[in-house]
Engineer: 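Please read through the structure below; I'll follow up with questions.
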Amino acid sequence: MDFELNEQQNMLKTMARDFLSRECTKVKVRELEKNEKGYDPDMWSKMVELGWLGLIFPEQYAGTGADFLDLVILMEEMGRNITPGPFFSTVALCAIPIMKFGNTQQKARYLTSIAEGKSIWTLAVAERSGGYESSDLNCVANYNGEDFIINGEKMFVPHAHVADYFLVVCNTGEGKTSNGGLSVFVVKAKSRGVKTEIIPTIAGDGQCRVRFKNVKVSKRDVLGKINNGRKVVDFIMQRAAVLKCAEVAGACQAVLEMTNVYAKERIQFDKPIGSFMVIQHKLVDMLTDVEGLQYLVYHAAWLLSTGAKADVQVSIAKAKANEVYQRACIDSIKIHGAIGFTIDHDLGCYFRRVKAAEFILGDTNLHLEKIASGLGL
Amino acid sequence: MDFELNEQQNMLKTMARDFLSRECTKVKVRELEKNEKGYDPDMWSKMVELGWLGLIFPEQYAGTGADFLDLVILMEEMGRNITPGPFFSTVALCAIPIMKFGNTQQKARYLTSIAEGKSIWTLAVAERSGGYESSDLNCVANYNGEDFIINGEKMFVPHAHVADYFLVVCNTGEGKTSNGGLSVFVVKAKSRGVKTEIIPTIAGDGQCRVRFKNVKVSKRDVLGKINNGRKVVDFIMQRAAVLKCAEVAGACQAVLEMTNVYAKERIQFDKPIGSFMVIQHKLVDMLTDVEGLQYLVYHAAWLLSTGAKADVQVSIAKAKANEVYQRACIDSIKIHGAIGFTIDHDLGCYFRRVKAAEFILGDTNLHLEKIASGLGL
Amino acid sequence: MDFKFSEKEERLREEIRRFARVELAGRNTIAGMEEESSDEDWEFAMSMSRRLAQKGWLTMAWPKEYGGQGASFFEQHVYVDEASYWGIPGTSMGVSGIGWVGLSLMLFGSDEQKKKYIPLIASGDPDGVWCTAYSEPNAGSDFANIQTRAVKSGDEYILNGQKIWTSCAHRARWCWMAVRTDANVKKKQHGISLMIVDMKSPGITIKPILNYAGVHIFNEFFLDNVRVPVTNLVGTENRGWYHLMQSLAFERHSMAPQFFGSARRILEYIVKYVRETSYNGKPLASDPVIRNKIAERAIELDTLKLFGYEITWKMSRGVIPVYEAARNKAYCDFFMQRLATTGTEIIGAYSQVDMTSRWSRILGLITRLYLMFPGLSIAAGTDEVQKNIIGQFKLGLPRAY
Amino acid sequence: MDFKFSEKEERLREEIRRFARVELAGRNTIAGMEEESSDEDWEFAMSMSRRLAQKGWLTMAWPKEYGGQGASFFEQHVYVDEASYWGIPGTSMGVSGIGWVGLSLMLFGSDEQKKKYIPLIASGDPDGVWCTAYSEPNAGSDFANIQTRAVKSGDEYILNGQKIWTSCAHRARWCWMAVRTDANVKKKQHGISLMIVDMKSPGITIKPILNYAGVHIFNEFFLDNVRVPVTNLVGTENRGWYHLMQSLAFERHSMAPQFFGSARRILEYIVKYVRETSYNGKPLASDPVIRNKIAERAIELDTLKLFGYEITWKMSRGVIPVYEAARNKAYCDFFMQRLATTGTEIIGAYSQVDMTSRWSRILGLITRLYLMFPGLSIAAGTDEVQKNIIGQFKLGLPRAY
């Protein structure tokens with residue numbers, strides 16, 4: 001048993017914190033919310049140079065061969081700092097499943113391109129309902145004997161408007177069951193029949209609606225086996241959820257720290273407000289929440305990294321992250337008072353991102369249900 | 001709109017508070033927990049003399065013709081003081097449905113007997129599962145052409161061991177549906193085939209298991225119509241639930257008051273503990289809880305008294321009562337510290353009764369479900 | 001015990017309903033403090049203020065001599081509830097004038113002040129729009145710590161200092177301001193005075209503060225040798241703290257019916273929504289977890305309703321509700337948070353969609369509530385402030401801060 | 001990062017499991033502080049203490065010279081967790097000796113004290129049973145306010161005063177007592193001393209205090225000219241407060257694995273129960289509201305598990321866990337309450353059934369937890385006390401009381 005980061009993880013953490021605090025200020029975060037692209041290509045190039053895009057790819061695909069836990073540490077730092085852009089969608093939502101399910105050609109072609117910063121990726125799963133169960137998914141890919149023809153609509157696809165490739169989850173089976181009938185396709189964003197538009201969100205974080213009208217994809221562009229897409233989606237939902245949780249854990253640490261600083265500095269009734277028991281205990285609860293979240297995320301990530309069955313632990317981490325992020329932000333705003341409610345305060349940047357993190361890759365009820373099932377209920 | 005009690009209610013309230021604080025001390029309450037009967041026949045006679053048993057019966061049945069709201073006020077005082085005994089089971093669980101569904105003979109015979117203190121009653125609904133839905137009820141009454149023959153077992157029947165009569169809810173229809181097939185019978189406690197035993201509880205409050213083995217009842221002893229028992233049960237569950245809520249509201253007021261007194265008296269760190277913000281705000285939350293509960297109970301009771309549809313409001317009051325009673329007791333014990341955890345402190349008397357109040361006449365989930373249905377869900 | 005509205009009150013409710021259906025037909029209205037943000041919304045709100053004044057509703061509970069209808073507190077309650085339900089803009093005119101300035105002037109304003117300012121408010125006129133400036137950078141929850149100085153010089157006070165979090169300052173014609181007229185006091189509650197400041201006075205600079213949703217409600221507000229005639233002093237010099245306590249009670253007492261109205265509407269929409277929507281593979285209405293949460297919110301809504309009734313009833317009996325107003329404010333905040341979070345859980349990913357976007361669900365009401373509740377819960381006193389008031393005034397507990 | 005127990009640790013767990021299955025076969029055991037209540041339970045607990053000592057588990061993490069096995073903190077963690085899971089009686093011998101007296105004596109006891117008392121504890125002998133007396137009627141959360149006087153007279157201290165809430169006083173051979181040796185101090189933390197009091201000393205009167213469930217854990221405890229040899233002073237005279245802080249940290253640090261063990265068991269029973277039971281017309285396991293609540297408790301259980309691991313890991317690195325121990329204690333209390341209330345909701349009306357009755361469900365474990373958690377959450381410091389510690393020691397916030 002060991003709670004400590006290893007040397008490589010500590011180096012990565014320090015490097016990431018330095019880089020992001022320099023390159024990705026909150027002024028920049030706010031700017032990018034208004035920016036059409038939603039990310040800074042210059043910063044992106046630097047992240048490529050730092051080897052972050054291919055962090056966990058084998059060296060043969062231009063990667064650095066680091067492991068999943070290293071990526072978790074990096075995501076935590078990105079979350080702490082709020083790093084807008086398609087890193088998560090490219091690496092967590094797409095590269096990781098390509099590493100797992102891609103064939104040799106796909107891996108060689110796509111992973112190398114990602115590691116070298118030559119392509120941006122995203123995953124298109126959820127549709128109108130916003131849900132992740134197979135029965136929520138109506139987008140179809142019909143085989144005409146030669147190609148698959150995709151028709152349908154995807155919602156809340158992160159950064160689709162700047163992506164070069166999508167992974168698209170479609171129905172390919174007869175009828176819709178919870179275990180069969182889905183397949184995942186690699187689709188070029190510029191394919192004929194693809195239409196992308198930004199859904200305006202309170203975080204200006206570039207989530208999109210993507211419509212597919214008779215979009216043709218070759219059968220070679222299936223990721224994994226045909227009709228085996230649920231497995232791919234479930235795999236993504238585990239790995240990517242843990243990475244999202246790491247991002248959230250980092251964000252929560254930042255929120256806790258800034259609140260604690262404020263509670264010591266802000267004087268009311270001739271005392272720092274942190275000396276009022278109700279405020280102090282709220283901060284203590286936040287600390288307990290945030291520490292608990294961090295350990296749950298590390299635990300789930302470590303389990304995944306060992307190859308052990310981790311579905312319950314992943315869902316525990318996600319449900320906890322959903323709860324803690326929201327509570328930390330709300331309590332922090334309340335402790336800050338009016339200043340925490342303003343556009344120029346960093347807190348709002350976090351608060352406005354709570355719901356995006358909550359609903360991506362399964363909301364609390366979905367994960368509670370997975371936990372219950374995992375317990376044998 | 002008027003929140004005030006009328007003169008009669010105020011008189012009743014004052015009289016009840018005086019009487020109970022004199023006759024029903026907490027020493028007596030603790031004594032009765034150990035007492036086999038579970039009530040004090042002497043106090044009972046005095047309550048009869050005060051006209052409480054027949055409070056809301058018409059004068060022709062030896063009653064005083066007061067209304068339902070008066071009974072609510074009385075129950076509140078009984079709850080404030082914890083008044084052990086079969087008052088609730090006799091009046092709320094049995095006399096009220098007899099007033100509503102009884103035929104002229106039944107009313108004349110039973111109500112008069114109750115008002116005059118000549119018989120103790122109770123209601124036997126729940127069985128092994130403890131639930132109140134028709135599908136939880138397996139006790140049967142088979143018609144043999146002449147009589148009904150009851151077979152089955154009832155659980156958590158309050159004060160059955162001292163009751164003279166039971167109302168027993170039985171299956172009489174073909175199959176079990178949620179709306180049909182139940183009937184309610186008046187059964188003499190001393191009938192052949194009835195076996196009663198006390199279930200030891202943490203409050204020593206005389207809840208019983210009652211077994212019926214080939215117990216014969218005449219078809220004249222049906223309350224209301226045959227196969228129409230669900231209606232009777234639902235009626236009881238509304239009226240009696242509100243009265244139970246009034247009892248709980250009274251108990252919660254007592255808990256709040258004793259906690260507030262203690263918070264002012266108890267000195268730690270050279271200050272009354274009520275001056276520590278966390279303690280003070282806990283008390284404030286308790287106040288808000290208790291005031292909210294009281295108004296919700298009055299509102300539901302008033303609606304019932306006007307004959308309006310009140311099912312949602314009754315369930316709101318019951319769900320709230322379940323929540324508030326538990327929270328008030330727990331927070332009160334925490335504020336009191338170790339002293340609140342001892343057998344000689346009054347708090348424990350309330351705390352040990354929380355679960356009985358919570359599960360009688362429907363638990364929180366049942367009532368939340370009723371509220372949701374009532375909202376059109 | 002009687003929880004029925006009178007027939008007259010019910011008729012009033014019906015009349016407001018008809019009014020709202022006609023006047024707001026086809027509009028997705030922005031009401032409350034947010035109407036101050038855009039010029040277009042503000043203009044519509046002010047046009048509604050005048051309509052409401054014509055209907056006799058805007059200040060209905062004020063005495064007739066002050067431009068009111070002498071309506072009962074319960075009639076006003078019905079009006080506030082129903083107007084909030086429909087989200088009728090213009091009901092508050094920047095909150096201050098309708099909420100507490102008029103009532104405060106009636107209590108402790110000079111005859112001249114009453115004559116000049118109250119009718120302007122009651123008429124729904126743009127010249128009847130007020131803002132209120134108590135808060136300063138170092139006077140938040142501890143708002144006796146007011147530093148803005150007013151020094152008497154002949155017939156005038158000369159004001160210097162800074163105010164902050166002033167909602168509606170960019171729309172208001174007048175400001176209801178707390179200033180320090182005596183700095184040599186032992187208790188900082190002393191030496192404060194209330195005055196009326198003409199927002200057109202030279203030396204006032206207003207800087208907008210946008211909230212994190214980009215909405216312009218708050219302002220920062222600098223005073224540089226601003227001259228205020230001594231006749232604009234309200235009440236007694238250096239006794240402003242006590243006047244102000246009274247104003248604050250006015251501020252909090254209508255919160256329950258107001259939020260009850262809008263919450264009632266949101267809950268109705270939520271019920272409708274879950275009946276019509278499927279999520280994670282099942283109809284939302286059939287999900288017991290969702291059903292449970294909605295039922296819990298319904299309990300809270302009913303509690304808030306009765307807390308609102310109780311305060312109105314007490315006021316109608318001549319009671320000045322102090323702890324009750326604080327309790328209702330705190331309960332509103334608690335309930336707002338619960339309703340907002342339940343609402344977002346139900347509309348899911350759509351809760352992050354911009355309120356004005358075509359993708360927004362339930363008219364953007366849930367997203368708006370979610371974004372606004374943390375700010376609203378701070379305005380007019382934090383939870384801690386309210387609970388301190390309740391602890392001291394109702395439970396008789398010693399000061400906890 | 002590594003969350004795996006070593007093979008050695010896993011083997012130990014297996015060994016304890018086998019032990020528990022054999023030794024407790026067919027018994028519905030009473031463990032923890034409740035074993036002090038009845039003579040029968042206490043006798044069995046003490047017989048188990050001796051068995052555990054023989055197995056080398058009772059004080060396994062103590063150095064071999066003190067009768068321990070020099071086991072690692074993680075081995076001890078596994079033992080505490082697993083023993084709690086099975087509810088093995090006798091593991092704590094009235095808590096004090098195993099929990100903090102032995103460890104404290106190792107740190108600041110005299111050589112004589114170490115030689116005399118530590119082996120008695122480690123052997124599981126009835127003469128190794130201790131109680132701890134800090135609390136007094138006016139020294140609860142503010143427990144520096146100790147008034148029991150110890151006046152030196154030759155080779156002895158003469159003790160007069162009253163202690164309260166002393167668990168196990170009616171079973172203990174020795175008492176670990178905080179007394180005031182100097183009353184003329186500016187800060188009441190000064191002038192306190194720790195001493196070992198022979199419970200057989202003349203002048204000690206013990207009065208049982210039953211809890212509201214009728215269980216005898218607490219005692220009131222009067223000292224009337226009780227003579228204590230000066231050699232029984234522990235550590236430095238008048239520096240008892242600082243020794244005591246150390247003892248308290250020992251007291252709190254094993255709470256997480258301890259409650260984790262029993263909670264793990266309860267949650268397993270709950271899962272089994274809902275799979276087998278119908279209520280309100282439906283199988284409990286199919287009710288999403290129940291499923292949700294159990295899942296939430298599982299999250300809390302996992303959180304507690306990791307908090308427990310973290311503290312053990314830190315101790316194994318030589319860190320003295322101060323805020324972590326307080327956090328774990330507060331989290332245990334929070335989780336106990338949630339588990340108890342969820343548990344009672346699930347077993348419904350059976351939650352009020354007497355724990356020893358044949359009608360009780362899940363071995364009475366849920367009813368017991370429900371009755372006990374409010375008391376347990378007060379013992380070893382209230383929630384407020386823990387959070388004050390965390391606020392000061394971890395967050396660096398100023399004192400809030």
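Below, chains carry the letters A, B, ... as their sequence lines are ordered, and counting in each starts from 1. A quick note: this is a predicted structure, and the numbers were derived from the prediction, not measured.
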Engineer: Less than 4.5 Å to any heavy atom of chain A: does that hold for the side chain of D/Val271, its backbone, both, or neither?
Structural biologist: both
Engineer: Distance check, rounded to the nearest 0.5 Å: D/Met1 atom CE versus A/Gln9 atom CD?
Structural biologist: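 Here the rounded value is 5.0 Å.
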Engineer: Heavy-atom distances under 4.5 Å only: say whether A/Ser373 touches chain D with side chain, backbone, both or neither.
Structural biologist: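 Both backbone and side chain.
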Engineer: Within the supplied structure, the quantity of interest is the number of heavy atoms (other residues, nucleotides, ligands) at a distance under 6.0 Å from A/Met11 CE; does it exceed 12?
Structural biologist: no
Engineer: Does any backbone or side-chain atom of A/Glu257 lie under 4.5 Å from a heavy atom of chain D? Answer side chain, backbone, both or neither.
Structural biologist: neither
Engineer: Do other residues, nucleotides or ligands put more than 12 heavy atoms under 6.0 Å from A/Ile267 CD1?
Structural biologist: yes
Engineer: Answer with side chain, backbone, both or neither: which region of A/Ile273 has an atom nearer than 4.5 Å to a non-hydrogen atom of chain D?
Structural biologist: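 When you check distances to chain D, no heavy atom of A/Ile273 falls under 4.5 Å.
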Engineer: Apply the test side chain to side chain contact (heavy atoms under 4.5 Å, CB included) to residues A/Asp2 and D/Arg317: give CA-CA distance (whole Å), side-chain angles for both, the deciding distance (0.1 Å), then the verdict.
Structural biologist: CA-CA 10 Å; A/Asp2 189 0; D/Arg317 295 292 177 103; 3.2 Å; yes
Engineer: Chain A heavy atoms under 4.5 Å from D/Lys394: which part of the residue, side chain, backbone, both or neither?
Structural biologist: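 Contact with chain A is through the side chain of D/Lys394 alone.
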Engineer: Which atoms of D/Lys293 are under 4.5 Å from chain A, going by heavy atoms: the side chain, the backbone, both sets, or neither?
Structural biologist: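 Neither part; nothing is under 4.5 Å.
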Engineer: Against chain A, work out which of D/Asp302, D/Ile294, D/Leu284, D/Ile390 has the most heavy-atom pairs shorter than 4.5 Å and name it.
Structural biologist: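 Going by pairs under 4.5 Å, I would pick D/Asp302.
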Engineer: With a 4.5 angstrom heavy-atom cut-off, is it the side chain or the backbone of A/Leu69 that approaches chain D, or both, or neither?
Structural biologist: side chain
Engineer: Verify the neighbour count for atom CD of D/Glu7: are there more than 12 heavy atoms of other residues, nucleotides or ligands below 6.0 Å?
Structural biologist: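 Result for CD/D/Glu7: open.
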Engineer: Give me the atom names and distance for the closest heavy-atom approach of A/His299 to D/Leu306.
Structural biologist: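 Residues A/His299 and D/Leu306, closest heavy atoms: CB-CD1, 3.8 Å.
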Engineer: About how many Å separate NZ of D/Lys314 and CD of A/Glu4, when rounded to the nearest 0.5 Å?
Structural biologist: 10.5 Å
Engineer: When only pairs under 4.5 Å are counted, which of D/Gln392, D/Arg327, D/Glu310 shares the most heavy-atom pairs with chain A?
Structural biologist: D/Glu310
Engineer: In Å and rounded to the nearest 0.5 Å, what is the CZ to OG1 distance from A/Phe3 to D/Thr312?
Structural biologist: 8.5 Å
Engineer: So what's closer than 4.5 Å to chain A heavy atoms on D/Glu296: side chain, backbone, both or neither?
Structural biologist: both
Engineer: Check whether any side-chain heavy atom of A/Leu368 sits under 4.5 Å from a side-chain heavy atom of D/Ile299, and report yes or no.
Structural biologist: yes
Engineer: Which value, rounded to the nearest 0.5 Å, describes the distance between A/Leu377 atom CG and D/Asn292 atom CG?
Structural biologist: 11.0 Å
Engineer: Could you tell me which portion of A/Leu287 (side chain, backbone, both or neither) has an atom closer than 4.5 angstrom to a non-hydrogen atom of chain D?
Structural biologist: side chain
Engineer: Quick check: closest heavy atoms across A/Gly292 and D/Thr303, and the distance to 0.1 Å?
Structural biologist: CA-CG2, 3.9 Å
Engineer: Run the side chain to side chain contact (heavy atoms under 4.5 Å, CB included) check on A/Thr288 and D/Phe334 step by step: do they pass?
Structural biologist: CA-CA 11 Å; A/Thr288 305; D/Phe334 161 80; over 6 Å; no
Engineer: Most heavy-atom pairs under 4.5 angstrom with chain A, which of D/Gly396, D/Ala298, D/Pro288, D/Ala285?
Structural biologist: D/Gly396
Engineer: Pick one of side chain, backbone, both or neither for D/Glu384, based on which atoms fall under 4.5 Å of a heavy atom in chain A.
Structural biologist: both
Engineer: Might you work through the side chain to side chain contact (heavy atoms under 4.5 Å, CB included) test for D/Phe3 and A/Tyr298, ending with a clear yes or no?
Structural biologist: CA-CA 9 Å; D/Phe3 295 94; A/Tyr298 284 173; 3.8 Å; yes
Engineer: Quick one: does A/Lys264's side chain have a donor or acceptor within less than 3.5 Å of a partner on D/Leu395's backbone?
Structural biologist: yes
Engineer: Below 4.5 Å, heavy-atom pairs only: which of A/His281, A/Lys320, A/Lys370 has the largest tally toward chain D?
Structural biologist: A/His281
Engineer: Looking only at heavy atoms, which two atoms of D/Asp2 and A/Trp302 are closest? And how far apart?
Structural biologist: OD1-CZ2, 3.3 Å
Engineer: Side chain, backbone, both or neither: which part of D/Arg399 has an atom under 4.5 Å from a heavy atom of chain A?
Structural biologist: backbone
Engineer: Give the minimum heavy-atom separation between A/Met1 and D/Tyr309, together with the two atoms involved.
Structural biologist: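 Taking every non-hydrogen atom into account, SD-CD1, 3.5 Å.
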Engineer: Of all the heavy-atom pairs spanning A/Val284 and D/Gly391, show the shortest one and how long it is.
Structural biologist: CG2-N, 3.6 Å
Engineer: Please report the C-alpha distance between D/Asn388 and A/Met277 in whole Å, then the side-chain angles of each, then the deciding distance to 0.1 Å, and finally whether the side chain to side chain contact (heavy atoms under 4.5 Å, CB included) criterion is met.
Structural biologist: CA-CA 8 Å; D/Asn388 289 340; A/Met277 204 184 271; 4.0 Å; yes
Engineer: Looking only at non-hydrogen atoms, find the nearest pair between A/Asp285 and D/Lys387 and report the distance.
Structural biologist: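 Of all heavy-atom pairs spanning A/Asp285 and D/Lys387, the closest is OD1-NZ, 2.9 Å.
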Engineer: Counting only heavy atoms closer than 4.5 Å, note whether D/Tyr331 contacts chain A via side chain, backbone, both or neither.
Structural biologist: side chain
Engineer: Taking atom CD1 of A/Ile316 and atom CD of D/Glu300, what is their separation to the nearest 0.5 Å?
Structural biologist: 10.5 Å
Engineer: Would you indicate whether D/Phe393, at its atom CZ, is surrounded by more than 12 heavy atoms from other residues, nucleotides or ligands within a distance under 6.0 Å?
Structural biologist: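 Atom CZ in D/Phe393 is not crowded, with 12 or fewer foreign heavy atoms closer than 6.0 Å.
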